[in-house]
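All residue numbers refer to positions in the sequence shown, counting from 1.
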Amino acid sequence: MRKALVLAVMALAVASCCGNKAVKSTDPRVDELLKKMTLEEKVGQTVLFTSDWTVTGPSMRSGYLEDIKAGRCGALLNAYTADFTREVQRVAVEETRLGIPILFGYDVIHGFRTIFPINLGMSCSWDIPAIEESARIAAEEAAAAGLQWTYSPMCDISVEPRWGRISEGSGEDPYLGSLISAAMTRGYQGDDLSKDNTILACVKHFAAYGAPQAGRDYNTVDMSERWFREFYLPPYKAAIDAGALSVMASFNELDGVPAHASNHLMNEILKNEWGFQGFVVSDYTGINEMIMHGYAADESHAAELSMNAGLDMDMMSAAYMNHLTDLVKSGKVSEKTLDNAVRRILNIKAALGLLDDPYKYCDTEREKERTLTPENKAFARQIAAESMVLLKNNGVLPLKKGEKVAVLGPMATTKDDFLGSWRGAGQVESVPASIEDAIKEVTPVAASASKVVLVLGEPWSWTGEAASRTSINLPKEQTELLKSLKKQGKTVALVLLNGRPLDLSEESEWADAILEAWYPGTMGGYAVADVLFGDYNPSGKLSVTFPRNLGQVPIYHYAKNTGRPYIHPDAKYESRYLDCPNEPLYAFGHGLSYTTFEYSNPVIPGTDRESPMLKGDGTLTVKVTVTNTGKVAGTETVQLYIRDLVGSVTRPVKQLKGFERITLQPGECREVSFTIDKEMISFYRQDMTWGPEAGDFKVFIGGASDNVKEASFGYEI
C-alpha cells in the first residue's frame, strides 16, 4: 500500500510539471459539448469497447448498447458493414442526451476486403507511391463499410525475426520505414479527413514495440535514449508529420516504465515536443496489464497513471469507465486533464464530419460499389508482384510458357495463407486462385516433369501477434522434401510463403531458384505466376536482413564497428564467430532480376579535389550511371548509403539515406543523382543535440547494402 501511495504521488508530481499539453477546440461545437457534459459523459468519450462477429454478421456484447445509451462509451472497434454501423450510430445519436456520434475503428492493416501483401512484403517493393495507393484503396473500402478509423500504420522498426509481428511492419530501416509510415498515413487520411472515402490513421505501437527481448511478444524493451531516438522513433514522427491524428500506446515497457503510463513518451515527446494534436488510445486492455507489469497497484491506480501520462482513450480495459469519475472527484486526476483528453477525441469526430452527418459512412450502395472492384484486384495483383524478392536464380527462372512443370509442396494449393495475419475483412472465398491454379492457367502441369515449382513456407497463423518462434527455419519435413526432389535430379524453383526473415541456409544450397513471395494477398496466386513466367520481372529488394542462422540475430545493415572488426580471415581476436561468417545470407536491399544492372563508380562533380567538401547549409550532388546489361527490361532500386568515419559518438558502418526506382530497357543506361545535405549526415551527438559534425564521410551506391561502389566527401560547418 505504501509503495502504491508513493507511485501515485510521483505520478501527480510528474503530471503537474510535464503534463498533457492542452489543445484548442477545432470546432466551436466541441467547446459547447464540453460545457454541457456531465463528468460521467466526459469519461464515456474515453471508453472504447468492441463488437463481435458471428456467423450471421456483426453483433453487440451484452450491455454495450446500454452503455452507449447511457453515454458510457464513445467508440467501438470491430463493428462494420454499413447497415450495422448505421443502427449503432442511430442509438448513439438519437437515444442519448447529447447525441454524440460513435467512432468506429478496425484493424485495416494491409487491405480491408481486397487484401494486399503483408506490410513486410509491401515494404520490399520500395515503391512508396504504390504503398500509399494500397492505403488509399483500403480506406475507400473500409469507409464504405461504416468505418472511420484504422489501427495502422504500424511504425515499429524491428531487427528481430523471432517476433511474429515483424510481418506487420516495414522492416529494419528507419529511413525506409519513415517514408512508408508517411505514405500510409497520407493514403488513409487523404487531403480531407471529412470526405466519405478517408479514414483516421493510428500510429502504432508507441513506442519501440519491435524490439522485445528474446523476440517474445509483449516482452520488455530496453535501449539507450540515443539509439531509441535515432533508429526507432523516426517512423512514428514521420507519420505524425504526415498528419496522423491518433496514436496507439505499445504493450511493452521502455526504460522500466510501461508505455501506457509513460509521461516521457506521450506527454514529453509526442504532445509537447512534437506538438501532436490528436488523441492517444491504449492497446487492447493495455491499461490493466500494468498491474501484471508490477507498475500499477490495481485497476484504479492504472487508470490514474495512464490518464495523467497522456493516454486519452481506453481500449477494452474498462478502467476509465470504472474509475475515472472517482479519480477526478478525489483530485488524483484533474478535470482539466480529462477535459483535454475529451477535447482531443471530439476534435477528431468533428474533423471526420461526424458532427455534421453521423451517418455519412453508412451507405449500403456505396459499400457494394467500392468493395473488391476489378480495379482494386488488379492493383492488388500488381503490388503483390512488386513485393516479391528473387533471392536466388541459377538460370531456372523465368519459366517458359508451354513447358511442363510439376507444382508441389504443402502450400501449393493454399488460398487461406495468402491473406496473412491482420487480414481485415478479407475472405478466402475472394481469393480466385492458388499458386497451382494460376500456373495451370499458363502451362501444362505434369507430376513427372523435370522442373518443379515447390511451394513451402509457414502457415499464416505462425506469424502476427502472439506468434513468436524460437526457430526461424522451415519445418524440417519441408526441407527434406526439397532435398528429396533434388536427389531425384529435379530442377527446383522454390516459392516461399512466410511472414518473417527465415534461416534459408540449407534451402539456398539445394534450390536452383528462390522466390520470396511473402503472404501476397487476394491476388497472390496470379502474382506468383506472373513472376515465375516473366510477365513481371522481379524487382523487390529486402527491407530486412536474412541471417544465416538464428545465432547471428540481431543482424542489420546499420550496425557499428567494434574496436576489433573482423578483417583478417585467419585472425582469432577479432569480432567474429568460430562456426559462421559474420555476413548475412541475404543482405538488406538484396533482390535479383531477370536482367542484370551495372553501376559506374559514384562521381561528385563540380570540384577537382580528391575529397569534395560539403559546407554549412550547402549541398553536394553524387551521380552514378546504371546500365541494363541484360536482355529484358527491368526495374532496379538504386540505393544510397552514407558512413560518418569519425564522430563524437560511434557511427554505423552504413546508413540508408536515399533510393530511386528506375526502369531500364535492355542496353539502356541512365544517370541517377542524389543530393547530400547536412540533414543527411546529422545525428544525436554526444550532448544529445541533433546536427552534423565536421569530418570525412563515405558515400556508397549500389543495388544492395552489400553490393555498392563508394566515393568520399568531407563536411565543414
Notebook entry, point to check: Of Tyr232, Tyr236, Trp163, which is the lone residue that meets ring-ring contact (aromatic ring centres under 6.0 Å, His included) with Tyr209?
Noted result: Trp163

Item checked: Residue from Phe279, Tyr106, Phe104 passing ring-ring contact (aromatic ring centres under 6.0 Å, His included) with Trp149 -> Phe279

Specify the closest pair of heavy atoms between [X] and [Y], including all atoms of both residues, with the distance to one decimal.
X: Ser421; Y: Gly464; answer: OG-CA, 3.6 Å
X: Glu160; Y: Ser158; answer: N-OG, 3.2 Å
X: Trp126; Y: Lys541; answer: NE1-O, 2.8 Å
X: Tyr320; Y: Asp314; answer: N-OD2, 3.1 Å
X: Asn308; Y: Asn267; answer: O-ND2, 3.3 Å
X: Asn288; Y: Ala319; answer: OD1-CB, 3.5 Å

Under 3.5 Å, is there a donor-acceptor pair between the side chain of [X] and the main chain of [Y]?
X: Asp192; Y: Ser194; result: yes
X: Arg113; Y: Ala425; result: yes
X: Lys271; Y: Gly310; result: yes
X: His260; Y: Ser250; result: yes
X: Ser705; Y: Ala587; result: no
X: Gln277; Y: Gly275; result: yes
X: Asp196; Y: Ala144; result: no
X: Asn347; Y: Thr26; result: yes
X: Ser51; Y: Ala79; result: yes
X: Ser468; Y: Asp217; result: yes

Note to self: Determine whether Gln382 and Tyr536 satisfy the following criterion, side chain to side chain donor-acceptor pair (under 3.5 Å), listing intermediate values before the conclusion.
What the structure shows: CA-CA 9 Å; Gln382 171 199 325; Tyr536 184 87; over 6 Å; no

Within a strict 4.5 Å, meaning less than it, do heavy atoms of the [X] and [Y] side chains meet?
X: Val280; Y: Met313; value: no
X: Glu168; Y: Ile109; value: yes
X: Met290; Y: Ser306; value: yes
X: Asp156; Y: Arg165; value: no
X: Leu542; Y: Tyr586; value: yes
X: Leu77; Y: Phe49; value: no
X: Thr220; Y: Glu253; value: yes
X: Thr463; Y: Asn498; value: no

Margin query: Show, in sequence, the C-alpha distance, side-chain angles and deciding distance for Tyr188 and Ser152, and conclude whether the side chain to side chain donor-acceptor pair (under 3.5 Å) test is met.
Written below: CA-CA 9 Å; Tyr188 292 133; Ser152 177; 2.8 Å; yes

Next item on the list: Could you tell me whether Glu140 and Arg370 have a side-chain N and a carboxylate O separated by less than 4.0 Å?
Entry: yes

Checklist line | Note: Lys654-Asp706 ion pair, threshold 4.0 Å (strictly below) | finding: no

Next item on the list: Going by the side chain to side chain contact (heavy atoms under 4.5 Å, CB included) test, name the single residue among Leu311, Asn272, Val247 that passes it with Met266.
Entry: Leu311

Next item on the list: Could you check Pro520, Ser125, Pro538 and say which one makes a side chain to side chain contact (heavy atoms under 4.5 Å, CB included) with Met388?
Entry: Pro520

Check: Just wondering, more than 12 heavy atoms not from Asp255 lying within 6.0 Å of its CG?
Finding: no

Margin query: For Arg229, is the CZ atom crowded, meaning more than 12 foreign heavy atoms sit under 6.0 Å from it?
Written below: yes

Ring centroids only, cut at 6.0 angstrom: are [X] and [Y] within range, meaning strictly under it?
X: Trp690; Y: Tyr684; result: yes
X: Phe379; Y: Phe116; result: yes
X: Tyr558; Y: Phe588; result: no

Margin query: Would you say Ser543 and Glu172 are linked by a side-chain donor-acceptor pair, where the criterion is simply a distance under 3.5 Å?
Written below: no

Next item on the list: May I ask you to establish whether Arg500 and Trp518 are in a cation-pi arrangement, using a distance under 6.0 Å from NZ or CZ to the six-membered ring centre and at most 45° from the ring axis?
Entry: no

Check: Given Glu141 and Thr114, is the side chain to side chain donor-acceptor pair (under 3.5 Å) satisfied, shown in steps?
Finding: CA-CA 8 Å; Glu141 290 190 348; Thr114 306; 2.6 Å; yes

Notebook entry, point to check: Any idea how Trp227 and Phe231 line up, ring-wise: parallel (<30°), tilted (30 to 60°), or perpendicular (>60°)?
Noted result: tilted

Item checked: Pair Ser123-Ser170, side chain to side chain donor-acceptor pair (under 3.5 Å): steps then yes or no -> CA-CA 5 Å; Ser123 70; Ser170 298; 5.0 Å; no

Checklist line | Separation between CG of Leu103 and CD1 of Ile348, rounded to the nearest 0.5 Å | finding: 9.0 Å

